[in-house]
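Beneath this line is the structure, given in structure tokens, with notes to follow.
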Number of protein chains: 2
Amino acid sequence: MAESTSEAERDPGAREREATVPVPGAAAGGPISHAIFRLARLHRMFAGQLLRRIGLHPGQELVMMHLWELGPQRQIDLVRLLDSDAATMTRTVRRLEQAGFVRRRPSPTDKRASLIEPTAASYALRREVERIWIQLEDISATGFSDDERADALAVLERLEQNLVRADARPPEPDTGH
Amino acid sequence: MAESTSEAERDPGAREREATVPVPGAAAGGPISHAIFRLARLHRMFAGQLLRRIGLHPGQELVMMHLWELGPQRQIDLVRLLDSDAATMTRTVRRLEQAGFVRRRPSPTDKRASLIEPTAASYALRREVERIWIQLEDISATGFSDDERADALAVLERLEQNLVRADARPPEPDTGH
DNA sequence: AGCTGTTTACTGTCCAGACAAGTAAATTAC
DNA sequence: GTAATTTACTTGTCTGGACAGTAAACAGCT
């Protein structure tokens, strides 16, 4: 069943390597899931390349955008806004703080919490970040009409909602066995 | 311009927190990009929850699926198949090796390379992994007709292709200014 | 009051993924 | 046959992300 074992070395690199999916069918698994996986990695990498020029990493720009938009927030608020994780937010905020983009101020009403606020220096980045997101959007949706953009967004959100719902629902005790 | 500065502490937690997008418009950035970001994280988390029961982490199952499907491969082949990164593949393969799911065998024709092959033990996972991917696919595309699945896939691949093309193209010396 | 349970934040420990830099083998150029 | 280049792989370092566990402050309750 593994008769193609030695093929990999007999013919290194002379394969077709068309675009991204040289595999006919079986190893592709769920095609939609696989597409989500690849799209996400590409998208993230692309965002990373754009963001690194201004000293941010993917994910950090979302925190900053919410802070610029909404003003000082507790970490837990940012976590909920971004659907993120408390541990991740602790480290992200610390790195943003070390980079000089946010400042922590103890909450006057809750000794557990601190308020995260953007620094004056950070506002110099705001236009750049917004420009990058517009660029990302334009590149992602190159060649899409307005209708197709709306359609794409609807598809993405529908997929997301399916996962949100399934996530809320516990892993289903047993399929019946 | 930051008149809503003190609002966050005056009213902690009493905000609406509807579903995932409480933000009206501005902080949402590119809606499609943002949707990709959230969908990807959710999808990954979901896959992680399913995979952890069988001792795999997201990403590893893709390596295994290709190995099961195609037989022994060099790392560079896996990198290209998955559109991945050589450094990441080195570590992923090492972890899979430590977990007992793959084995390395020096390539008989190239002293730089080794061939990665699935162990007999790994085949016990194959059905489970395939079941998980079917489950992931079903959950993601719950309520989608066949046409809608095809449409969703087309949208995802079109977005991906746009990013692939833009990535190949250098960052464009200057926008003209 | 005191006790209990929740909320907020943090740390440690995993993992993938990206980038940079380096090594050794193979290939190509001369 | 030697030098330069390319290829395959590795390691170091940084990041986000997820899970588990901790400590402190808070809130509700008897």
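On a predicted model such as this, the values are computed, not experimentally measured, just so you know. Chain A is the first sequence line, chain B the second, and so forth, proteins listed ahead of strands; every chain is numbered from 1.
Atom CD in A:Q49 sits 11.5 Å away from atom CD1 in A:I132 (nearest 0.5 Å).
With hydrogens and angles ignored, the 3.5 Å screen pairs no side-chain donor or acceptor of A:E137 with any backbone N or O of A:Q135. Panel note: side chain A:T142, backbone A:D138; a donor-acceptor pair is recorded below 3.5 Å.
For D:dT10, the OP1/OP2 oxygens have a side-chain nitrogen or oxygen of B:Q75 closer than 4.0 Å. Distances shorter than 4.0 Å separate none of the side-chain N or O atoms of B:R112 from OP1 or OP2 on D:dC9.
Rounded to whole Å, atom P of D:dC9 lies 8 Å from atom CZ of B:R104.
First and last contacts of DNA chain C with chain B, using any nucleotide atom under 4.0 Å from a protein heavy atom and ordered 5' to 3', fall at C:dC15 to C:dA26.
The shortest side-chain heavy-atom distance between A:V102 and A:E117 does not fall under the 4.5 Å cut-off. Side-chain atoms of A:L125 and A:M64, non-hydrogen and from C-beta on, never get closer than 4.5 Å to each other.
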Handout entry: Nucleic acid footprint by protein, nucleotides 12-20 of chain D - heavy-atom cut-off 4.0 Å, B for base, S for sugar-phosphate alone
Key = BB-SSBBB-
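A salt bridge does not link A:E160 to B:R41: none of the charged nitrogens lies less than 4.0 Å from a carboxylate oxygen. Between B:E128 and B:R131, at least one side-chain nitrogen of the basic residue sits less than 4.0 Å from a carboxylate oxygen of the acidic one, meeting the salt-bridge criterion.
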Exercise for the section: With side chain to side chain contact (heavy atoms under 4.5 Å, CB included) as the test, would you mind laying out the steps for B:D77 and B:I116 before giving the verdict? Expected result: CA-CA 10 Å; B:D77 295 322; B:I116 316 300; over 6 Å; no
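Taking only side-chain atoms of A:K111, from C-beta outward, the nucleotide of D:dT11, D:dA25, D:dC9 with the closest atom is D:dA25.
If you check every strand for non-hydrogen atoms under 4.0 Å, B:A113 touches sugar and phosphate atoms only.
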